Amino acid sequence: MWFWLSLIALLCWSGSDLFSKIGCRDGRDPYAHLKMVMAVGVVMGLHAAYEIFVGGAIVSWRVIWVYLPVSLLYISSMTLGYVGLRYIELSISSPICNSSGALVAVMSLATGGLAAVNGWQLGAVALVCAGVIGLGIVESREDEDLRQARQAASNYKYAKSFLALALPVAYCLLDAAGTFADNVVIEKIDAITGMGEASANAAYELTFLMAAVPSFIYVVLIRRDRLLPKMEAPKYAAAVFETAGQFAYIYAIADQEHLMLSAPIISSYCAASVLWGRVFLKEKLSWKHYLMILLVVAGIAVLGLFDV
């Protein structure tokens, strides 16, 4: 069962990347990222209700408050990621965002975790860092005429921009900080409810729902921007994939005997995101881009392999 759950998580999270890109790439909509927050908040809120009233997850205001710092880091990172999708190809954004695992490893080393890290993991961190830095160098040095030529098929033109790379890097930093703090906070929640992961996940989803409320007030009631079903459909598809991927992920990694196999499968979902960007969004990168992305994906896969 772990194998199919791992594949489901991979497909769902890469699907979330694809539909998030479709829903947020239109630069003419300045509120697309807030509408994406609204969509994810609604779907996660519904799932949290199911987990609480049907699944038996225990959530209280105390649990929500204890997990709030981690929730805010995750929600902030995702919001910045949604903003960034209007400035850069998904094929570049997704590998950078998913480099947060390597950053967590670096943070662990900085806080005295060297003894728990082996040579393979150190090499994987080096691969990811080299790939992300390499992507930045390739992007900054690419000739503008070549950039426009390779982007012609997608009908979306992305100019050189510091913001284009800064936003997915900011996502990576915030997501890594959330992941680094997650284990400590979940232990506290487990001491409160005895259901650490389930309670924390439900608390996170409810906090996302709370974030959707001010987004709705600002976009719809204050700015009076319309929500058109045709434009919002990809966002809700992304929200469903995001929530389903999270659910499959939790149960896939719960099988400790196969964690060494399931972790790298799930961790490499950004490779599928690159594929979907090429197939469905007609994104075409240079061979230098793909070489750097290969380094990132390889590093993420190795990190996942040793995440036991």
Side-chain angles (χ1 to χ4, degrees), residues 1-26 32-51 55 71 74-75 77-86 88-98 100-101 168 171-172 175 178-179 201-202 204-209 211-212 215 227 229-253 262-281 283 297 300 304:
M1 193 64 176
W2 66 269
F3 177 75
W4 297 109
L5 288 170
S6 300
L7 283 183
I8 290 171
L10 181 152
L11 292 173
C12 284
W13 275 345
S14 62
S16 177
D17 276 356
L18 172 63
F19 284 104
S20 295
K21 175 63 174 177
I22 295 172
C24 296
R25 64 179 174 175
D26 191 345
H33 59 292
L34 294 178
K35 294 174 182 176
M36 191 69 230
V37 171
M38 291 160 51
V40 176
V42 169
V43 175
M44 284 196 172
L46 291 173
H47 183 256
Y50 174 84
E51 286 297 294
S71 295
Y74 284 147
I75 294 170
S77 68
M78 291 179 69
T79 304
L80 287 178
Y82 297 144
V83 176
L85 288 173
R86 73 180 62 168
I88 195 170
E89 292 96 332
L90 173 65
S91 303
I92 299 174
S93 175
S94 183
I96 294 176
C97 290
N98 284 280
S100 57
Y171 172 105
C172 175
D175 187 70
T179 302
N201 189 57
Y204 165 61
E205 292 181 328
L206 289 175
T207 305
F208 221 124
L209 176 61
S215 299
L227 301 177
K230 182 179 180 180
M231 299 296 293
E232 301 311 307
K235 299 181 181 66
Y236 280 89
V240 170
F241 277 116
E242 178 69 28
T243 305
Q246 180 69 19
F247 184 78
Y249 165 79
I250 290 173
Y251 286 96
I253 65 172
S262 63
I265 293 174
I266 300 170
S267 299
S268 301
Y269 78 86
C270 61
S273 298
V274 174
L275 177 61
W276 305 151
R278 183 68 182 91
V279 173
F280 297 107
L281 303 179
E283 294 179 351
V297 172
I300 291 172

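From a predicted model like this one, the values you see are computed outputs, not experimental measurements.
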(request) Let me see the working for Leu85 and Asp17 under side chain to side chain contact (heavy atoms under 4.5 Å, CB included), right down to the final yes or no. (result) CA-CA 9 Å; Leu85 288 173; Asp17 276 356; over 6 Å; no
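Using the six-membered ring where Trp is involved, Phe280 and Trp276 have ring planes that are tilted, between 30° and 60° apart. Classified by interplanar angle (parallel below 30°, tilted 30° to 60°, perpendicular above 60°), the ring pair Tyr249/Trp13 is tilted.
Annotation: side chain of Tyr204 is in contact with side chain of Ile75 (closest heavy-atom distance under 4.5 Å). Residues Val43 and Glu242 have side chains not in contact (no heavy-atom distance under 4.5 Å, counting atoms from C-beta outward). Side-chain atoms of Leu46 and Leu209, non-hydrogen and from C-beta on, never get closer than 4.5 Å to each other. The side-chain heavy atoms of Phe247 and Ile8, taken from C-beta on, include no pair separated by under 4.5 Å.
Taken from OG in Ser16 to CG in Leu11, the straight-line distance is 12.5 Å, to the nearest 0.5 Å. Residue Asn201 holds its CG atom at 9.5 Å from CG of Leu206, rounded to the nearest 0.5 Å. Lys35 NZ to Cys24 SG: the interatomic distance, rounded to the nearest 0.5 Å, is 10.0 Å. Summarising the geometry, atom CG belonging to Leu275 is positioned 10.0 Å from atom CG belonging to Leu18; distances are rounded to the nearest 0.5 Å. Once rounded to the nearest 0.5 Å, the distance linking CZ of Phe208 with OG1 of Thr243 reads 8.5 Å. Here the CG atom belonging to Leu80 is positioned 11.5 Å from the CG atom belonging to Asp175, to the nearest 0.5 angstrom.
Contact detail for Met38 and Ser215: the closest heavy-atom pair is CG-CB, 3.6 Å. Of all non-hydrogen atoms in Leu5 and Ala248, the two that sit nearest each other are O-CB, 3.7 Å. In plain terms, the two heavy atoms of Tyr269 and Leu10 that are nearest each other are CB-O, 3.6 Å. Summarising the geometry of Ala212 relative to Gly41, their closest heavy-atom pair is CB-CA, 4.0 Å, with the distance given to 0.1 Å. Residues Pro234 and Phe19 share a closest heavy-atom pair of O-CB, 3.4 Å. In plain terms, the two heavy atoms of Met36 and Ala239 that are nearest each other are CE-N, 4.1 Å.
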